[in-house]
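Order of appearance sets the numbers: ligands from 1, and atoms from 1 within every ligand.
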Amino acid sequence: MELWLFILITISFFITFFFFKNKKKLPPGPLSVPIIGSLLWLRRSPADIESVLRDLHSKYGPIFTVHVGSHPFIFILDRSLAHKVLIEHGAVFSDRPPPPPATRFLSMNQHNVSSSPYGPLWRLLRRNLISEILHPSRVKLFSHGREWVLDLLLSKLHLQSSSVVTAMDSFRFAMFSLLVLMCFGEKLGEDAIKAIESAQRDLLLYTSKLNVFSFAPAITKHLFRHRWTTAFEMRRRQKELYTPLMTARKEHKNTSINPDVDDPHGDRYVYSYLDSLLDIKLAEENCRVLTDDELVVLCSEFLNAGTDTTATALEWIMANVVKYPNVQAKMREEIERVAGDGSEVIKEEELQRMVYVKAVVMEGLRRHPPAHLVLPHSVSEEIVVEGYVIPKNASINFGVAEMGWDGKVWEKPMEFRPERFVEEGVDVTGSREIKMMPFGVGRRICPGLGLAVLHLEYFVANLVREFEWREVEGEEVDLAEKPEFTVVMKHPLRARIIPRRSAAARA
Ligand code: HEM
């Protein structure tokens, strides 16, 4: 064959190949300008991004694509389509996109529940978390911990009751202390908990700075090297704080103490999340146990996943309780009817009979979901949805807030009306139909759903029983939002709290 003919055939082959390759019809979206478009997108604030997504939804419909670099981000803001992909095609849509290479150390190469690919490791870690810690029978074992933390929280609030309280810090600390107990099995002192909390938080807030590594990692890794080393140093600090706790638990495991009897420190020994992780053997990797770095990553995930999410939801709910005295009065009436007006705290069994308290919590999660998007999903194989190709390298996300605010399902969706859940309950798992999805739906649904709802009901009911929550004179509660790790109140809740019973009655 002549050389020129060979070259011509080769060129035609490549042109045809790329033509067909590029012909894949991705969901529609704005034209992307390489590099400049990506840089502009990366510079946007999270608040901006949400309003852009809303505009793109009205322009392009229920599913659309945004390109950052060569990476397609696909968004679904429509309830029925979300149901179709997350429930009907759940096995395909439950993967996670790989993190940028420069940040892989944060998840120890995806060796945790939230970032591991849909496969045997994820199944093992998730099943362990649910069956050993988050199953209702296990959650019950920590009721003493909830009473302990509630008592600390109420005592702290009582000390501030003559002045104005900014509640969020106390809420976050309470949720964190509870999770530390469930994670390490120990009731640590306030200073120790605070040290771990600040190490966690520093790293968590810093991770948003690592987003730059998603774009041209070969270059950004050198340009932003300082960010990488800072995050690395923060992880080292975290490990330093965890090490004595891990050592204590390993020693406990080796001394064959009967877990059903009291431990040498006088506290009841309760099997903790860390204990369950120490018992894991990775079948796919010669049955090895988890390394210390992997234990740090998994414990850190447990503490992060359940703290800000629950504390944020608690703050939003209490903000509405302060803003709407009629809601507070109805709760108060129900609490008294079910639990009497004795001096004890509300018991977890009593919550089951508090229909209105439960409705307030659900309405809070619908109107103010702590996460407006879920964690990014990806598909395990290329699939066509509504005539569009969803490629394997795409990150896929879902508009949680938009779904809970859909006027086709909810009358006056932006109003805070717990009554809607008294008349008719809702299935937040969305298995038949999605009406709201504050915890995601499908195979990656939040495994902490039950624990989070229990914590919210327990703390909301007891906070309302203990204090009357009032607006600060001249300061209307402002429900403006600000996206951080979760979507928090732009102006944190400040309230005047008046004890409903004397300190003597509490004692
Ligand atoms: C109000 C509180 C909470 C909210 C609103 C919430 C919300 C969410 C959401 C939206 C997701 C992502 C679902 C997806 O990717 O499709 C998620 C995942 C997750 N959550 Fe929660 N969460 C809360 C509390 C908790 C608690 C208390 C824990 C555990 C202690 C927890 C552990 C996790 C884990 C491990 C994942 C990853 C699941 C997986 O990838 O398989 N969350 N959560």
Numbered atoms of ligand 1 (with element) below 4.0 Å of Phe302, judged on heavy atoms: 30 (C)
Residue pairs involving residues 80-97 (criterion salt bridge (Lys or Arg N to Asp or Glu O under 4.0 Å); sequence neighbours excluded): Lys84-Glu386
Near atom 21 (Fe) of ligand 1 (under 2.8 Å) - protein N, O or S atoms: Cys446 SG
The one among Arg126, Met182, His455 that brings a heavy atom closest to atom 41 (O) of ligand 1: Arg126
Any N or O of Trp122 closer than 3.5 Å to N or O of ligand 1: yes
For atom 13 (C) of ligand 1, the protein heavy atom that lies nearest, with its residue and separation: Arg444 O, 3.3 Å
Distance in Å, Leu178 CG paired with Leu303 CG, rounded so as to fall on 0.5 Å steps: 11.5 Å
Any N/O pair Arg443/ligand 1 closer than 3.5 Å: no
Any side-chain donor near an acceptor of the partner, Ser276 and Asp279, under 3.5 Å: no
Ligand 1 atoms in contact with Pro438 (distance to a heavy atom under 4.0 Å): 5 (C), 7 (C), 10 (C)
Check: Trp410 ring centroid to Phe416 ring centroid under 6.0 Å: no
Per-atom contacts, ligand 1 versus His377 - under 4.0 Å to a heavy atom: 14 (C), 15 (O), 16 (O)
Closest heavy-atom pair and its distance - Ala231, Leu210: CB-CD1, 3.9 Å
Thr310, any N or O under 3.5 Å of ligand 1 N or O: no
Trp469 side chain to Leu463 backbone, donor-acceptor under 3.5 Å: yes
Backbone of Arg432 reached by a side-chain donor or acceptor of His83 within 3.5 Å: yes
Phe459 ring center near Phe171 ring center (under 6.0 Å): no
Ligand-side contact atoms (ligand 1) for residue partner Val374, heavy atom cut-off under 4.0 Å: 14 (C), 15 (O), 16 (O)
Atoms of ligand 1, numbered as shown, that sit under 4.0 Å from any heavy atom of Arg96: 14 (C), 15 (O), 39 (C), 40 (O)
Test item: side-chain donor near acceptor, Ser51 and Asp55, under 3.5 Å: no
Test: Arg367 cationic atom under 6.0 Å from Trp405 six-membered ring centre, within 45° of axis: yes
His71 and Ser395: side chain donor to acceptor below 3.5 Å: yes
